[in-house]
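A quick note: this is a predicted structure, and the numbers were derived from the prediction, not measured.
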Amino acid sequence: MLEFVSSCSAWGVQRVKQGEIPLSNRRFGIFPLRGIHGHGKQLYGVSFCSRRVNRLIPCWLWNPPVIYGGFFLGQVDIQVQKKDRFADVVVSVLDLYARALSPTLSGKSGELSYGLVGMDFNFLGRGQVVQLTFDHDAITGNRVAALYHLPRLAGTRRTLTTNICVGAEGHDVRLTVSQPFFSLATTWSYGVSFFSQEEVVRLYSNQIISARYADRIDGGAAWITRSFGDQIKVRPGIRLDLSDRQFATQQGFTYAPNNRRRVLPSVGLTIWKPHFERVRYIQFLGRLEDLPIGSFVSTRVGISHQSLGSDRNFGFFSLHLAPRFKLYANGYTFISLFLSGRRQTGSYRNVFGQAELVTYAQVRRLHTLAFRIRWDAIGRTKDTSQLLLGVIRGLRGYVPRRFDGTRRFLLNVEARPTFYRHPAFALGGAFFMDSGTVWTPGVNDPGLNTSVGLGGRLGFTRVYNNPILRADLAYAIQDRTWQLWVGLGQYF
């Protein structure tokens, strides 16, 4: 690790609070370097940094704190300490491996899904992201996916993202060129995207396929958003979505939705209070996290009209309310309330609602208690739609499509101890209980299904983005079956 220490006049950090650097404050400029100190494994070398430090330090103060070199990425940690009329700026650089490989596994004997995921966060040594996925799903068959992300297109602030997925039952191809809000001071965000997706949709009734049809959709979108404010961000924007969707019944089945064409102009508004807190052992194992704890509300309204090229007339809306709290030291609560639907012929149709509460509580700074409660509902849909419940959607121990309906309730409790820490990795665990149910009002009654189990977590702290290899062994109490699921990231 390399450490740089520089100093500048205290007036340049008069707005610094709790060790944070105001990204929009450019009074730092290029300041004299007081010294360079290196210790540990120096993959770049002091001479490398000393040649570039005068250019890199000002950039770090208002750009993403990452530098690039070969097969490694540099994680940069900046701390500001005010002393008398001066402020010490300490920049620590830690070399991180940019590549990772992980298996995935879920299901039970005779119905196993498995795969392999490879990631490179510094492809060609320029900070480009590449992810390759090889999957075998017990239901849909084999699938190969490739993701490519270029953070600076032609040296600009625009980004390029492509996603190509080809499988036994279809494809998913996406291309997006956009300029995101790359800092809090950014005033404009805009972009365009194009996509083509084809898949086979299955509807279930008590684990038996009741309908199966092909669903293909081609389209694109364009959007532009303006950002106002400092302490509170107000971001109005406009968006245009275009799509052409075709359905076809599969052999042995008769149901498929009607084809449709959509031209959807809309306006949206997001109000957000930027607030981040630097923590560890909340969602990752040891990595320094910028946990977003600022609340926001977002809404969007739009129309579909035949005069614009759509096949039918209706208005649509969505509302997302996300209050977030830090109710006590080392305790964080995130609430999400979402509602969407359309207004057509004097009534509301295609209504979807979701309410979720997630809370994390740290114990002795290394261990975490996690809790989630969630409710989903769909109603008055034109097409036959349903919610599923199983290992993929929050109920470990049960096959992915074990339960179906139009209402879903879910409860997860998980204790996440950290057993061992090493400079290259962290070993943790999980002791959990999952409960949930899915039902359709007027058709069947809700019945709570529960599973208990334990798992292991292996966090690679010297790999960029700190990937976590997860392995959970769950026992389904109602089905009396065991299930092993291996994947990436925390379960929630």
S.K.: Quick one: which residue pairs count as a ring pair (Phe, Tyr, Trp, His ring centres under 6.0 Å) with a foot in residues 142-174, not counting sequence neighbours?
M.R.: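 Found none.
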S.K.: Does the side chain of Phe492 reach to within under 4.5 Å of the side chain of Gln490, using non-hydrogen atoms?
M.R.: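 A side-chain contact under 4.5 Å is absent here.
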S.K.: Are any side-chain N or O atoms of Arg374 and backbone N or O atoms of Ala355, one a donor and one an acceptor, separated by less than 3.5 Å?
M.R.: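 Looks like no, no N/O pair under 3.5 Å.
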S.K.: So, Asp120 and Arg99, do they make that salt bridge, N to O below 4.0 Å?
M.R.: yes
S.K.: Filter on salt bridge (charged side-chain N to carboxylate O under 4.0 Å, His left out), then keep only pairs touching residues 314-325, sequence neighbours left out; what's left?
M.R.: none
S.K.: Please find out if less than 6.0 Å separates the ring center of Phe403 from that of Tyr398.
M.R.: yes
S.K.: Using a strict cut-off of less than 4.0 Å between a Lys/Arg side-chain nitrogen and an Asp/Glu carboxylate oxygen, indicate whether Asp218 and Arg261 qualify as a salt bridge.
M.R.: no
S.K.: Between Arg278 and Glu289 (salt bridge meaning N to carboxylate O under 4.0 Å), is one present in this structure?
M.R.: no
S.K.: So, taking the atom named OH in Tyr360 and the one named CD in Gln283, what distance separates them when rounded to the nearest 0.5 Å?
M.R.: 4.5 Å
S.K.: In this structure, is the centre-to-centre distance between the rings of Phe314 and His305 below 6.0 Å?
M.R.: no
S.K.: Mind checking what makes salt bridge (Lys or Arg N to Asp or Glu O under 4.0 Å) contact with Arg143, not counting sequence neighbours?
M.R.: Asp135
S.K.: Salt bridge or not for Arg457 and Glu414, using N-O below 4.0 Å?
M.R.: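 Yes, charged N to carboxylate O under 4.0 Å.
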S.K.: Got a sec, which pairs hit salt bridge (charged side-chain N to carboxylate O under 4.0 Å, His left out) with one end in residues 166-177, sequence neighbours left out?
M.R.: Glu169-Arg202, Asp172-Arg174
S.K.: Side-chain polar contacts of residues 235-245 - donor-acceptor pairs under 3.5 angstrom, sequence neighbours left out - could you list them?
M.R.:
residue, atom, partner, partner atom, Å
Arg235, NE, Ser227, OG, 3.1
Arg239, NE, Asp241, OD1, 3.2
Arg239, NE, Asp241, OD2, 3.0
Arg239, NH2, Asp241, OD1, 3.3
Asp244, OD2, Gln246, NE2, 3.0
Arg245, NE, Asp215, OD1, 3.1
Arg245, NE, Asp215, OD2, 3.3
Arg245, NH2, Asp215, OD2, 2.7

S.K.: With sequence neighbours excluded, what pairs up with Tyr332 under the ring-ring contact (aromatic ring centres under 6.0 Å, His included) test?
M.R.: none
